[in-house]
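What follows is a set of notes on a single structure, which appears directly below.
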Amino acid sequence: MTDKTLLQDLSARGLIAQMTSEEELEQHLAEGSVTLYCGFDPTADSLHIGSLVPLLALKRFQQAGHKPLALVGGATGLIGDPSFKAQERKLNDDSTVAGWVEKLKGQVSQFIDFDCGANSAEVVNNLDWTRGMDILTFLRDVGKHFSVNQMIAKESVKQRIDREGEGISFTEFTYMILQSYDYQQLNASHGCTLQIGGSDQWGNITGGTELTRRMNGNKAFGLTLPLITKSDGTKFGKTESGTIWLSPAKTSPYAFYQFWLQTNDADVYNFLRYFTFLSIEAIDALEKADAEREGRPEAQSVLAREVTRLVHGEEGLVAAMRITDALFSGNLSDLSEADFEQLQLDGLPSSSLAGIDLVETPLTTLLSDAGLAASGKQIKDALQRNAVIVNGAEKGMDDNMKAAEVFAAANGTYGRFFLVKLGKKKHHLFVI
RNA sequence: GGUGGGGUUCCCGAGUGGCCAAAGGGAUCAGACUGUAAAUCUGACGCGCGAGCUUCGGUGGUUCGAAUCCACCCCCCACCA
């Protein structure tokens, strides 16, 4: 951030949804290093790309000289945030949540610097200050500051209260109080004066700024980041095969890279602003260049490279690009035997044919079991349209019962590799 | 505890004795067109290559035949207490 302030840059990127007292916050950030926090609740064993915007925001603040605290919700994760959720959620048991907390700590830590002097990041866990609290203290010291009338009026729980057919338990209703208490605690212990989060967190954040003012007598700020939406109205971060996770064990760097590469033209420049550290000027220039050029825009590949590097490092990016080049360039013949082995290691979905009775097993079963499609019906559909390609050769329904022939060693590359393509985008490597 | 309304295939939501594997929409998948885009059009969409098999909260029952009728049970919601 050279000539612009942090808030101006965030605003230019479209990364600010709401703020408490904008002018005062601008001034507060200008006065020196501010300690801020953002919470991540353990609802699975990995974060997904929905958490990327706040994670990168913490990093943006740190780069601007502020001190980020990443809060992992060991306590709040046991309760479940009702904000804008249509339904009550199932409770996870505490050993599960504790396990997830550990995983999230590691993930969160990738993005922020823990060793850069005064504004080094810290990871905190709200279970630390909630676990020992007894219910009477909670009700008298904390609960007394909250008005149920106000809590009910919050937009975030409105659909649970108004909507026919749904309700909200006291447990989830209390979530807001717990999160507010976190802020108050961090304000007292770390001098934290800013909380950031997704726009769905606005109600919880303002709850915290008020509690901090009431209990600590301190001014505290809040800032929310926009919910990422797609131009076609579908949900961001989900694909046919599920959520895009940050953990390479759950979403391979290759799949991750592909996800970004497939971004719509209508979204890609926004995503560059949200998910990368490229300057606004550079992004604008790219947009202009793409518009002037005929054909395929450059932006998707820039986005895919930048984000994959941020999440999976240079190594993950190289692996992802290696697979992509091999699969989509069309010249598989250039690949050496060692390259095929590397592709498996790099995360190209693959499976072994060892032990499978190829004479008895139809391709529909074989390919759906391998995960190329959800059911044999879909494979059948693809076969009927000649959308199944094995080592470059189209296969049809006639080949369905001829798996032994299709996957005969003599037909394999180097006598044992079969690259199966279903449709334009799905690839799977079979190995004898 | 009382009264009323509900639980249908991934989601929403029709369906009140056979014509129901179950309308319609959404999501998803494949094809055409393209740029591994969007939009549009076509097809698929419980499972099975197929013959066929298994579903409509659960368990029993009535019936030649039930998602639809009966009994009991479970769960959800609203209002009242």
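Throughout, protein chains are lettered first and strands after them, A, B, ... in sequence-line order, and every chain is numbered starting at 1.
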For the pair made of [atom1] in [X] and [atom2] in [N], what is the distance, rounded to whole Å?
X: Leu372(A); N: C29(B); atom1: CG; atom2: P; result: 14 Å
X: Ile168(A); N: C77(B); atom1: CD1; atom2: P; result: 12 Å
X: Met397(A); N: A44(B); atom1: CE; atom2: C1'; result: 13 Å
X: Leu383(A); N: A44(B); atom1: CG; atom2: P; result: 16 Å
X: Lys380(A); N: G52(B); atom1: NZ; atom2: P; result: 14 Å
X: Ile379(A); N: G50(B); atom1: CD1; atom2: P; result: 13 Å

| query | When you check the gap from the basic side-chain N to the acidic O, do Arg13(A) and Asp9(A) get nearer than 4.0 Å? | reply |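 A salt bridge links Arg13(A) with Asp9(A).
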| task | May I ask you to say whether Arg140(A) pairs ionically with Asp134(A), meaning some side-chain N is under 4.0 Å from a carboxylate O? | result |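 Asp134(A) and Arg140(A): not salt-bridged.
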| said: Taking the ring of Phe236(A) and the ring of Phe275(A), is the distance between their centroids below 6.0 Å? | reply: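 Yes.
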| query | Looking at the rings of Tyr181(A) and His145(A), which for Trp means the six-membered one, are their centres under 6.0 Å apart? | reply |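 Between His145(A) and Tyr181(A), which both carry aromatic rings, the centre distance is not below 6.0 Å.
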Work out how far the [atom1] atom of [N] is from that of [M], and round it to whole angstrom.
N: C10(B); M: C74(B); atom1: P; answer: 26 Å
N: A27(B); M: U34(B); atom1: C1'; answer: 23 Å
N: U59(B); M: U55(B); atom1: P; answer: 10 Å
N: G18(B); M: C79(B); atom1: C1'; answer: 40 Å
N: U8(B); M: U3(B); atom1: C1'; answer: 26 Å
N: C69(B); M: C56(B); atom1: P; answer: 14 Å
N: C19(B); M: A67(B); atom1: P; answer: 10 Å
N: A22(B); M: A51(B); atom1: P; answer: 15 Å

| message | Under 3.5 Å for both donor-acceptor distances, Watson-Crick or wobble: does G65(B) have a partner, and if so which one? | response |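 Paired with no nucleotide.
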| Residue matched to G48(B) through Watson-Crick or wobble contacts both under 3.5 angstrom |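 No nucleotide pairs with G48(B).
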| Step-by-step side-chain hydrogen bond (donor to acceptor under 3.5 Å, both in side chains) determination, Tyr37(A) to Asp182(A) | CA-CA 10 Å; Tyr37(A) 99 92; Asp182(A) 289 343; 4.7 Å; no
| query | Side chain of Lys377(A), base of G48(B): donor and acceptor closer than 3.5 Å? | reply |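 Counting by modelled atom types and ignoring angles, a donor-acceptor contact under 3.5 Å is found here.
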| said: I need a per-nucleotide contact map over nucleotides 30-43 of chain B, read 5' to 3'. Cutoff is protein heavy atoms under 4.0 Å; write B for the base, S for backbone only, - otherwise. | reply: BS-BBBBBS----B
| message | Please tell me whether Gln300(A) and Asp265(A) have a donor and an acceptor in their side chains that are separated by less than 3.5 angstrom. | response |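 Yes, because at least one side-chain N or O of Gln300(A) sits under 3.5 Å from a partner of the opposite role on Asp265(A).
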| request: Have a look at Phe430(A) and tell me which of Phe340(A), Phe418(A), Phe407(A), Phe417(A) forms a ring pair (Phe, Tyr, Trp, His ring centres under 6.0 Å) with it. | output: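 Looking at Phe340(A), Phe418(A), Phe407(A), Phe417(A), the match for Phe430(A) under the ring pair (Phe, Tyr, Trp, His ring centres under 6.0 Å) is Phe407(A).
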| query | Toward the 5' end of RNA chain B, which comes first, Pro362(A) or Ala373(A), by nearest nucleotide? | reply |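 This one resolves to Ala373(A).
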| said: Applying side chain to side chain contact (heavy atoms under 4.5 Å, CB included) to Lys425(A) and Gln258(A), what does each step give before you reach the verdict? | reply: CA-CA 9 Å; Lys425(A) 298 176 203 166; Gln258(A) 284 289 320; 5.9 Å; no
